[in-house]
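First comes the structure, then the notes that go with it.
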Amino acid sequence: MTDQADTARWHKTACILCENNCGIQIQTDGRRFAKIRGDKEHVATGGYTCNKALRLDHYQNGMERLTTPLRREPDGSFTPVDWDTAVREISARLTSVRDTHGGKSIFFYGGGGQGNHLGGAYSGALMGALGARYRSNALAQEKTGEGFVDAHLTGGHTVGDFENAEVSVFIGKNPWQTHGVSRARTVLKDIAKDPLRTMIVIDPVRTETADLADIHLQLRPGTDAWCLSGILGVLVQEDLVDHAFLDSRTTGAATVLDQLKAVDVGHCAATCGLDEELLRTTARRIAAASSVSTYEDLGVQQGPNSTLVSYLNKLIWLLTGNFGKQGAMQPHSWVASLFQYSTRPRRTPVTGARMPGGLVPCNVIAEEILNDHPDRFRAMIIESSNPAHSLADSATFAEALDRLDLVVVIDVALTETGRRADYVLPAASQYEKWEATFFTLEFPHNTFHLRAPVLDPLPGTLTEPEIYARLIRELGTVPRSRLSLLRAAARLGRTPYKLAFAALAVLDRSTIKAAPYLLYETLGPTLPDGARSAAVLWALCLRIAHKYPKAMRRAGHVTAEALFDAILKGRSGVVFTEDEYDDAWDYVPHPGRRIPLPIPELLDLHAELDTTAAVHTTEEFPIVLAAGQRRAFTANTIIRDSTWRLRDKGGTLRISPQDAERLGLDDGAPARITTERGTADTTVEIDDRMQAGHAALPNGFGLDLPTGDGGTERTGVAPNTLTDLRRRDPIAGSPWHKHVPARIEALPV
Ligand code: SF4
């Protein structure tokens with residue numbers, strides 16, 4: 001494709017700013033995105049977008065792109081080097097780390113964000129080539145507690161059917177701004193309009209979603225565990241549970257019910273600062289509904305007791321029989337699972353922290369490096385992620401990066417993490433290559449969208465699969481004979497190729513580890529339109545055909561090959577599995593397809609709630625700061641151009657009118673916020689959505705952007721200059737970003 005010939009064409013692709021990946025069309029003008037509109041033919045979103053998608057030109061053209069690899073010199077400066085030099089030197093240094101300290105000392109972080117997972121699918125081959133065993137990504141500071149609970153209960157991830165639910169419950173979740181539900185604003189408005197349906201919001205903030213809700217439990221920040229415990233107490237004590245469901249579909253219910261009988265509902269309500277009768281009304285409404293769906297998100301997953309909260313949330317819909325029927329909670333198929341669901345997760349090598357989902361908890365990464373243990377991490381490969389900005393306690397994480405023998409960053413721009421790297425490798429943007437996400441989280445119709453490039457790659461950049469392939473070639477870990485054989489088979493067609501691949505895998509198990517690389521090098525070049533990076537999807541289609549044969553055929557794909565062809569051609573995405581509600585039980589991996597309700601460790605934590613601290617503020621730090629609130633113009637750090645925002649350009653500190661009055665702060669006044677870990681100056685926005693004692697800073701601010709004279713400039717507060725590694729969940733290690741004790745002071749105007 002040439003950019004010139006492409007001028008004024010509409011290209012089907014997707015928004016990359018949140019997990020919903022709404023289908024969009026982009027009209028290009030040279031390399032600019034002149035117009036953007038929803039793709040009405042998109043299989044999942046049907047033309048829907050929110051305001052953010054329309055600003056995507058600021059992603060593509062607003063940042064200072066890297067167009068050559070950079071190497072750090074002994075004096076700390078960067079030198080541009082050519083790709084061959086960079087690949088040769090990185091490969092030699094990785095080999096040295098591996099040979100000296102073992103492959104497991106090489107740690108991989110990232111592999112994609114909200115819009116780009118295809119490249120990360122190839123990272124496993126590089127890890128395999130190096131003998132690396134540990135990895136992590138942003139999910140390990142959000143979803144691992146929930147994943148731990150899912151592994152015990154349903155055996156995998158579940159989603160709510162909010163389009164059909166009679167009662168929808170959002171816990172620490174504001175879909176109006178953070179989406180997560182496909183076509184979120186349309187769905188929320190539909191629920192709000194329907195007098196027979198009820199929306200319940202559990203959130204300390206009166207969010208835009210709460211404005212639409214029938215019941216808003218505006219609890220004290222951090223008391224969600226008591227709130228959910230109180231609801232469960234009412235369900236059990238008033239005998240509102242679904243006994244038929246519990247008897248036929250679960251095991252161990254008596255253990256759970258016995259404990260919940262003892263819950264002091266009045267005490268729970270008082271701890272949350274809620275009216276007890278409202279808590280009881282909420283529980284009764286849930287129990288009376290023909291279907292209930294719930295959604296827990298970062299408001300609770302990045303706060304105190306997060307794994308326990310996840311368990312209690314899931315008990316609410318399980319005790320009321322809301323699984324595997326229309327309007328209720330559902331499991332779903334995957335193209336590639338983002339998690340390893342295990343009830344006994346591995347442990348990290350130094351601190352022994354549990355790794356739910358197979359991921360090193362983000363809050364322990366620095367501790368795994370900053371020590372003298374022989375098994376500490378010595379090198380990091382970081383792809384499409386910015387942990388120096390996004391992980392708790394930026395200063396300590398930066399110290400950890402500096403302590404490593406080697407840091408390699410693969411990204412589109414020189415990020416805060418890249419600035420601390422030994423090598424930075426420039427990647428093509430998400431609209432300059434074949435790309436996809438594995439957020440395939442729907443039921444009964446699950447969809448997948450392989451996106452074709454909108455533009456040619458910027459000269460000097462490479463796709464992530466090509467970068468991994470070059471490193472593996474240089475490492476020389478895959479015999480050429482294997483590549484030759486597979487290339488010859490690929491020329492004969494995909495059936496001979498499949499047979500050859502299977503034979504090689506039987507003869508040598510290392511074929512499986514190297515599979516993404518082998519596919520890229522051998523099947524990839526045979527794919528149409530330069531879709532070489534899509535090669536790994538062929539193997540994933542075989543897996544789908546094996547795991548979900550009925551659902552795949554119902555979706556209209558008679559074979560894995562037919563599905564793969566449909567994915568390659570489907571510019572607006574494809575439905576890859578079509579389930580029926582009863583099929584939900586086939587996803588439950590436990591004996592008799594029954595859901596085991598007791599999780600002893602979490603029941604113990606629940607039993608201790610009476611003596612667990614519900615308040616973490618002190619006289620010195622009397623405010624709870626939510627560090628990283630998502631707003632109308634936030635998108636993590638995907639868009640590095642701060643001018644993309646039409647409002648809230650500096651990222652204000654939102655505080656309640658009561659706190660503003662107490663602190664003598666006017667709207668727009670400068671203020672200083674201080675936590676146990678840091679201090680930042682900001683601007684106050686008085687917001688009556690906030691309750692007294694609660695404040696919020698937005699996410700995605702505080703990036704160090706180049707000024708043109710070699711320096712950098714920062715807009716807004718980088719939230720993790722204020723957060724603390726030590727405040728984390730005891731099971732998942734997930735951070736308390738949304739619950740940081742803080743102090744706010746007025747600054748001279
Ligand atoms: S940010 Fe908005 S347009 Fe983009 S994927 Fe999410 S909901 Fe869709």
Side-chain angles (χ1 to χ4, degrees), residues 10-27 33 35-62 112-118 138-139 142-143 159-160 162-163 168 170 173-191 207-209 212 295 297-299 338 384 390 429-431 435-442 446-451 454 571-573 628-642 644-648 651 698-701:
W10 285 96
H11 304 263
K12 291 190 170 193
T13 179
C15 174
I16 55 164
L17 300 179
C18 88
E19 75 201 55
N20 286 108
N21 301 126
C22 297
I24 57 172
Q25 291 186 285
I26 295 177
Q27 190 184 60
F33 292 175
K35 288 185 186 161
I36 296 173
R37 65 188 182 199
D39 174 8
K40 291 200 170 102
E41 292 170 5
H42 192 266
V43 285
T45 52
Y48 174 92
T49 71
C50 75
N51 58 298
K52 294 181 187 178
L54 309 183
R55 309 288 290 166
L56 279 166
D57 186 55
H58 290 264
Y59 161 77
Q60 175 60 34
N61 293 303
Q114 302 287 7
N116 54 330
H117 295 166
L118 197 55
L139 289 173
E142 305 174 0
K143 305 292 176 197
V159 285
F162 296 98
E163 293 209 21
S168 298
F170 298 109
K173 171 74 184 167
N174 177 14
W176 189 267
Q177 293 296 9
T178 68
H179 317 290
V181 175
S182 197
R183 300 165 48 253
R185 292 179 183 178
T186 305
V187 171
L188 292 176
K189 283 192 266 186
D190 286 349
I191 299 170
T207 61
E208 294 85 347
T209 305
L212 296 170
Y295 198 137
D297 207 1
L298 304 195
L338 297 172
S384 307
S390 62
S429 87
Q430 297 195 39
Y431 293 104
E435 196 43 281
T437 67
F438 297 124
F439 292 130
T440 52
L441 313 175
E442 293 172 58
N446 207 353
T447 62
F448 179 72
H449 186 189
L450 173 67
R451 289 137 40 198
V454 173
R571 293 285 71 82
S572 294
Q629 185 184 46
R630 290 190 276 175
R631 300 180 181 170
F633 284 97
T634 61
N636 299 335
T637 59
I638 302 169
I639 301 184
R640 293 187 64 80
D641 172 6
S642 58
W644 84 280
R645 300 183 181 94
L646 294 175
R647 297 195 298 278
D648 194 19
N699 76 343
F701 280 81

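Atoms within each ligand, like the ligands themselves, are counted from 1 in listed order.
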Salt-bridged, Lys143 to Asp297, with N to O below 4.0 Å? yes
Salt bridge flag under 4.0 Å for residues Glu163 and Arg183: yes
Using a distance threshold of 2.8 Å, state whether an N, O or S atom of Cys18 lies below it from atom 8 (Fe) of ligand 1. no
Applying the side-chain contact (heavy atoms from CB on, under 4.5 Å) test to Thr13, which of Asp39, Ile26, Leu56 qualifies? Ile26
How far is atom 8 (Fe) of ligand 1 from the closest protein heavy atom, and which atom is that? Cys22 SG, 2.3 Å
Atom 1 (S) of ligand 1 sits nearest the protein heavy atom Cys50 SG, 3.6 Å
Got a donor-acceptor contact below 3.5 angstrom from the Thr49 side chain to the Gly38 backbone? no
Using a strict 4.0 Å cut-off to heavy atoms of [X], name the atoms of ligand 1 that fall inside it.
X: Asn21; result: 5 (S)
X: Ala53; result: 3 (S)
X: His179; result: 2 (Fe), 6 (Fe), 7 (S)

Look at Cys15 and state whether any of its N, O or S atoms is less than 2.8 Å from atom 4 (Fe) of ligand 1. yes
Can you name the closest pair of heavy atoms from Ile16 and Ile638 and give their distance? O-CD1, 3.4 Å
Name the orientation class of the two ring planes belonging to Tyr431 and Phe33 (parallel below 30°, tilted from 30 to 60°, perpendicular beyond 60°). perpendicular
